[in-house]
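Just below is one structure, and these are the notes that go with it.
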Amino acid sequence: MDNTYTIRNIVNEDGSALVSDYGAHVLSWTPKGHEPVVWQPKAVYLSEGTAIRGGVPVIFPWFGLGYENGEPAGKNPRHGFARTAFWHVDRDTLTDRHVLYTLESDEIAPELLAETPSGPDSKFHAEYDVAVSDTLTMTLTVENTGDAPLTFEAAMHTYLHVGDVRCTQISGLVDTPYLDSADDFAPKEQTTSPLAFDGTMVDRIYQSEGTLLVHDEALHRTIMVEKSGSPQTVVWNPGEEAGNKIGDLMEGEWHDFVCVEAVVNRDSAVTIEPGEAYSISQTIRVK
Ligand SMILES: O=P(O)(O)OC[C@H]1O[C@@H](O)[C@H](O)[C@@H](O)[C@@H]1O
């Protein structure tokens with residue numbers, strides 16, 4: 001394992017991004033002529049074994065604490081090992097618009113690999129493709145390189161920059177069922193109103209494959225979030241009380257972002273047969 005922290009600066013006439021090889025983590029993305037859209041905190045801490053805050057953490061092969069027998073499984077590290085792994089860059093793909101990362105199961109410590117939902121013999125080849133222009137497209141593809149079925153959860157845990165989350169609304173979720181992670185995963189349904197934020201925690205797993213619009217009154221813009229291969233969308237903002245306790249955020253930074261995450265988790269975890277591959281993709285743009 002290479003423990004050098006390389007940050008790649010991808011810049012072209014349509015936009016720019018910073019991407020970290022540690023975690024294959026998009027740290028920020030700014031389409032030309034706009035404020036940053038993928039949010040970066042005031043301080044970014046790089047430390048082996050610790051997930052980077054902000055940007056787009058890659059969640060794989062389990063989400064949160066994992067999920068087994070109908071309940072959270074207490075796995076560690078939270079959100080899987082991909083975001084604390086050193087990914088490899090395919091140098092042939094590295095341009096001013098694009099980078100492709102790879103990660104193999106045989107690079108993962110056995111005790112971590114053993115926590116994969118399909119168990120210690122899980123084998124995979126993962127690719128993470130990041131395309132930067134006036135849109136940002138991120139695609140995670142996982143291939144089963146073993147000889148037994150591979151089961152995993154995954155997400156692109158995208159932190160979107162907003163002027164103030166309390167003046168932000170998300171549309172595209174009307175009548176959508178969700179699990180309220182902030183209320184012991186109670187099943188609920190979105191009303192006819194757009195989702196709004198009042199400074200208390202919002203942490204929901206929506207059963208939603210659709211395109212969402214994030215209306216940001218403070219920055220006078222709308223961010224469109226499209227995706228494929230993901231039957232669920234997590235929306236998360238920690239709110240004031242929990243947000244101000246997050247050690248790698250400054251006081252008040254909780255209201256500068258909202259996470260809109262393309263997810264496969266819990267009962268929608270993916271199972272692929274030997275030789276098969278599965279892709280999840282998310283595209284972001286300013287409308
Ligand atoms: O602090 P972490 O591990 O990056 O997780 C942040 C949040 O990530 C979200 O995806 C989860 O739904 C939340 O429950 C969690 O708090």
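Each ligand, and each atom within it, is numbered from 1 in the order the structure gives. From a predicted model like this one, the values you see are computed outputs, not experimental measurements. The basis for the numbers below is simple: all heavy atoms, side chains too, and nothing from hydrogens, waters or symmetry mates.
Each of the atoms 9 (C), 10 (O) of ligand 1 lies under 4.0 Å from some heavy atom of Glu261. Ligand 1 places these atoms under 4.0 Å from at least one heavy atom of His79: 3 (O), 5 (O), 8 (O), 9 (C), 10 (O).
Here the options are Thr141, Thr139, Thr137, the test is side chain to side chain donor-acceptor pair (under 3.5 Å), and the partner is Ser281; only Thr139 passes.
Stacking of Arg266 on the aromatic ring of Phe185 is recorded, both the 6.0 Å distance cut-off and the 45° axial limit being met.
Aromatic ring orientation, His79 versus His157: perpendicular (interplanar angle above 60°, classes split at 30° and 60°). Ring pair Phe60/Phe81 is perpendicular by interplanar angle, where above 60° counts as perpendicular and below 30° as parallel.
The nearest protein atom to atom 12 (O) of ligand 1, hydrogens excluded, is given as Asp203 OD1, 2.6 Å; this is a heavy-atom distance. Protein heavy atom at the shortest distance from atom 16 (O) of ligand 1 is Arg78 NH2, 3.1 Å. Nearest protein heavy-atom neighbour of atom 4 (O) of ligand 1: Arg83 NH1, 2.9 Å. With hydrogens left out, the protein atom closest to atom 8 (O) of ligand 1 is His157 NE2, 2.8 Å, a heavy atom.
For the atom pair CH2 (Trp236) and OG (Ser181), the distance works out to 11.5 Å, reported to the nearest 0.5 Å.
Looking at Thr158 and Gln282, their side chains do bring a donor and an acceptor atom within 3.5 Å of each other.
Residue contact check for ligand 1: Arg53 places a non-hydrogen atom closer than 4.0 Å to it.
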